[in-house]
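In the text below, chain A, chain B and the rest are named by the order of the sequence lines, each starting its count at 1. Keep in mind it's a predicted model, so treat the numbers as computed, not measured.
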Amino acid sequence: MRRSLIVLGIGLALAISGGIGVATTSEPPAASTDPSVARVVPDSGQDLTATIAALQDTLRRLPEDDASWANLSLAYVEQARVTGLATYYDKADEAAARSLSIEPDENFSALGARGAIAAARHDFAGALDDADQALAINPRDLTALAVRVDALTELGRYADQLRAVRAADRLRPSTTIATRYAYAYELRGDLDRAGDVLQGAAASGSLADKAYPLTLRADILRKQGRLQAAGRDLATVRQVLPTYLPALVSSARLQTARGDLEGAVATWQSVVAQQPLPEYLTELGELLQHLGRADEAEAQFAVVRTTIELLNAGGVGTDLETALFEADHGSPARAVEQARAEWARRTSVHVADALAWALHRAGRNAEALPIARAATRLGTPEARFWIHRGTIEAALGMTAEARTHLQRGLATDPGMSPWQREEARSTLTSLTVRR
Amino acid sequence: MTRSRPTKRQSAVALACAGGMLTTVGFAGLGPTGATASSHREAPMIAGLPQYDNTDTYAFRSPEKRGTITLAANWIPFEEPAGGPNFYPFATDAQYDIKVDNNHDAKADITFRWTFKDHYRSKNTFLYNNGPVTSLKDKNLNFYQTYKLVRIKKGKTKVIVRKARVAPSNVGEASMPNYAALRNQATTTPKKNVRSFVGQAEDPFFLDLRVFDLLYGGDLSEVGDDTLAGFNVNSVALQVPKRMLAKKGNSKKNPIIGVWSTTNKKTAGGKFVQVSRLGNPLVNEVVLPIKVKDAFNASQPTSDIAALKYVTNPELPKLIEAVYGIKAPKTPRNDLVSVFLTGVKGLNKPQGKMTPSEQLRLNMNTPVTKNPNRLGVIGGDVQGFPNGRRLGDDVVDIALQVVEGELVGSPNDLGDGVDGNDAPFSGSFPYLGLPMAGSNPDPHPTTGSAKQTAASNTDGNLLGAEPRRTTSMAAIGLGLFALIAGIGGATRRRKV
Amino acid sequence: MTRLLRLTVALGAIAMCLFVTAAPASAHPLGNFTVNRYTGILISSDGVEVDHVIDLAEIPTAQLGEAIDDLESLAERECETSRGGLELTVSGTAVPLTLTGSSATTADGEGGLPITRITCGFEGDAEIGAGEVNFRDRTAPESVGWREITAVGNEMTLTSSDVPSESTSERLTAYPEDLLTSPLDVTSAAVVVSPGGPAGTLPGSDDESPSATDGGWLSSRATALLGDNGWIAAGLGILAALALGATHALSPGHGKTVMAFYLSQRGDNSLRSALAVGGAVTAAHTGSVLLLGLLVSLSTAFVPASIYPYLTLATGLLILGLGLYLLVQLRSNEGGHGHGHGHGHGHGHGHGHGHGHGHEPSQTVAGNGTDEQHAGGHDHDHHTAPGSQSTVGLATATVPTDAHPDPAPGRWGVWVMGLVGGLVPSPSALLLLLAAVALGRAWFGVVLVLAFGIGMAVSLAAVGLLARGLVLRLEGAADRRGFLGGNVRTFLRYGAAIGICAVGVGLVVRTLLQL
């Protein structure tokens, strides 16, 4: 009797400990004696996948190596950006936490990585905070400098942004900073300067590093109406990195600008087959709508709605793209709600534009006007901003301003969604008729 | 396909049963990494800067031309020859400098500056060559670089080499059947006793990078692979008469010079700023804490005295003491100050007034050793590191032994187990080993290849994870069986 | 051996549900716009069999649009498209693949949105001797997601292979979460084969795609186990089911208390009663699982989760009824207890155990209940009585033998017991049944469920008997010391009856609150 009870007790203990064993198997295996490689020097030009493999290997040998955990975190963030695999963000998060738990003080690399993750998750205030903490330890940490610029940009603190990006450029000149430097000028309407900086960035740097600045420059050239030059840049990128998604997106817009709408549809379809992000789906849907293919358009919009549902299910607030989508193709009331919530957190020109447009769609033009003005406060050459502002002004009967701004918008980017341009054109026509 | 419907339902049921009732649980702990993450500009974070990254600086009395000094510096570590075509140009928006301080005020008196230009034969900017390349000027070489070398002295700039060709990246035997010939053609003699070479070379640095593991509790007994074996670098090498370097041109009277290399990069705003600096090897890895590394790269030697505390009270010996029980020598470590900041007295420490600063100091009058000792000065060979640095000096072992007190009466034999380079150095200028060819199927004969690891990793690692899981599963299974056996036993006893 | 491993894995998975709170698998582990692909290659001397699985997360599923309403043609279309991207060469010669089967299933992903799993089977005929077999997956080259290839030989030996033979992701059902592992991105395989070797099967199953989708790993393991033909696997499966049933019965609820009380009433025949009640529990549980399984298979709208509270409620009412009935019985039978006293004493002596030992098992059992309530409560919420911990304690203090075995709890009492123990079907058992049905081996599923029920019954009976033994000894000890002046039994009997009522009330109230 007693013995059987003991057996029973041991059995239970075994079963429970086994259960605990299962629960904890997600822990990385203890240091294996796998031979080889190299501590990875960040910026060493090693290929990202190889870098990650080497860091993983190092950490399997040295689980207490906080610097490698931080580097791994950063490499995971980068890999998430490159591959679009969200799981890398979660891994990055854990790796950064691991690094910080080993070395809670002076761990600027992990703080920088954490900031990058926060920014990717659109927690820009958190990102700024992490970046500031990292820079207090190492004022020249490249990641933290970049994250800080990004956060200030997205928070709408443009004066600080310009100061930060200039300082960063002096401290750590690099493709990383140069692309942000160019963006600061682009936002302020200085497309020539932005283009020059990007060209400089593309000229230096490794082959893979050229893809990003060249794609950005193609966008700028397109906005300037220099379609041929834009096409050349994109062809170059295709040669270096045939699968580079941002270049594909830029190609689709370039095709739109050239009037090759069928080609643009095909390109967009290939884009959303790879990364079905709401803004891409919306743009494809609007293009199809413009071509009179309402059913196909609706199919794209349905996917956007699914995405919104998913975001809600995950407890994540929807973002600007979905707010704009709601305004144009869903419920303007919900759009106002979302955009206003975002406006309370940050006051970037993009948020202002989304809020103004949502208010307009909800019929609240008087409220929308000052915000539409805020969206264009930097003179940003973003066609949408000007068209939205002009449309709001038209609704308020401010004919002269409306005409100016609608024309400015229509002149800015021939690659913009033709459906949106069509709406703008008809508004413009109605203004002329009214007169 | 009649099955698909029920299966769908069943799996839904299975889900509901197995995971507990999802609806009642809610969705805790989900980060918003899901559907969208790109509505702001997702610019790269760790875009590489290897083109601007100084890896090593060398300064030594030329063994076969004793009236001259050879200066060399490397950039772009870890150039992978295999899996290409891979080619690694110098940056065109950078100034590559080797600086010489000959009056010990920690300021550069002579700066040698290399700048580069790209050239394409056809518009196809991504094709390296169209066929075998047998000479530097071969038309099959579609892309090539030229360099300009100037000497800056007292604000005056003098061109030494103009528009010379850079030796190309060794993309493979099919493309470059005789690379040694290309190397020879890339070596120029602009004037008497001055020779210049720029191009790819096998990374002359040799070490097992895992020695740095010991900072994190790694095991030194496992080292012994040259982890840089088979990787190439971009090198510049310059041989000049001693008098060109010495103060007032008098190397007899002023034999001691300090040397370091730097890289300046053009900012987006259009100015050049210093982004990399390297004099003594391993300063950034061993002496300085990681948080001041970036600051050091941008700093001038004149401000080095601020870093004194890191030198006199280094972290490394303390770590080694903690991990291996080798007692750390007493601080402050004035012996290290002499190695890193002032030079060793009676050997390469200048006489008279000087500003301590981190430079590679060379006494140009030290006679050339016939059979060099890899351990340099601590091996009894005063022509080696830290009196300048030859290509074959085992700086890792030297640095390890020195920081562990070799110079202050704590002899030791610490090392990384790698005593020499994988590729042979040549006996004449530029001395550097020929770069590993891209056609080499296994350029990293030891285990040191990142690529190999990447490949072997996926296997080893994934296969390694599974057994662990099954082990704990087996434990559960065992537990359950024991449990049921126990219950069975209990009932049987009742019956009796 | 691998079968044993699989078995233990399957067991472990289910045990995890029992012992560790199961984490809700909600967001797709690789991100909700991933399209993940797995290819398994089986090389025989007369050709190659290819198992291709596509796992579409929520958004790609949404992108399918209305196609998802016709899973059959969706599967066919997608498999046909994939076929064009799968390139197989044997010794340098391209081998065309033909589609041999396709199926698609959907399951709930994050926010209840569907996710899709498409399974394709291909065959390529070729004479394969010694030589190289190369495979490339060129389907949707830039799409984001996991990419995996495995290769196995069937009476062929792979002398070299750059892909593993087992699927790291269990054919896209369990993505590893190791922080130091990157998602796989393998799109090509190079294998060198030579003739001869043991027979091989594709990882997962040799059957053409059953695939309970994102219930994930658990169901896939169970399925894999079920998919194994042969007696050893079957035997192991039954053993596993027995073990599962036994452990399941030990989790809170399940009327252990009531069982203990009931058995303690049965006097000499306690063992026989235990067997009878065990049989009833098995019958009731098997019946209820089968019924539920039938309902699930017949009706799309039927969600088993919704019926659990009602079953629990019924159980609670049954227990309450039983408790009340016993109270009434006690009142009317007041006084006639002399016989029982004597017997109880004798029994206690026979085992000759002292007081101290008496507590040991009671602590074990109570401790067990506590642990599980914290750790495993999630899975069993629906039938966990709030007072289950204290009731287990109560059980040990339940009144011992009754001299006049009550006719009332007799025959129908056995069935009440059976219902109390077996009315609420175990999700694990239901899962086993459904997995077996999905494999077209329904009969085996029934056997497994039966085994599960027997396991439950054995363990319930054992606990009951243990408790009874304890109570007898307790009473004996109390008697010897003259504690409570010989009225121990009466006190305990009332206490137990009231306790049973409390359990019933607790269950009922709790379930009502949940409803």
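In this structure, no portion of A:A302 lies under 4.5 Å from any heavy atom of chain C. At a 4.5 Å heavy-atom cutoff, the contact between A:L72 and chain C is made by side-chain atoms alone. For A:L281, the part lying under 4.5 angstrom from a heavy atom of chain C is the side chain only.
Under the 4.5 Å side-chain criterion, counting only non-hydrogen atoms from C-beta, C:S82 is not in contact with C:I118.
C:D55 and C:Y175 form a side-chain donor-acceptor contact under 3.5 Å, judged by distance and modelled atom types alone.
Among residues two or more places apart in sequence or in another chain, the salt bridge (Lys or Arg N to Asp or Glu O under 4.0 Å) test is passed with A:D123 by none. In this structure A:F301 satisfies the ring pair (Phe, Tyr, Trp, His ring centres under 6.0 Å) test together with A:F325, A:H329, sequence neighbours excluded.
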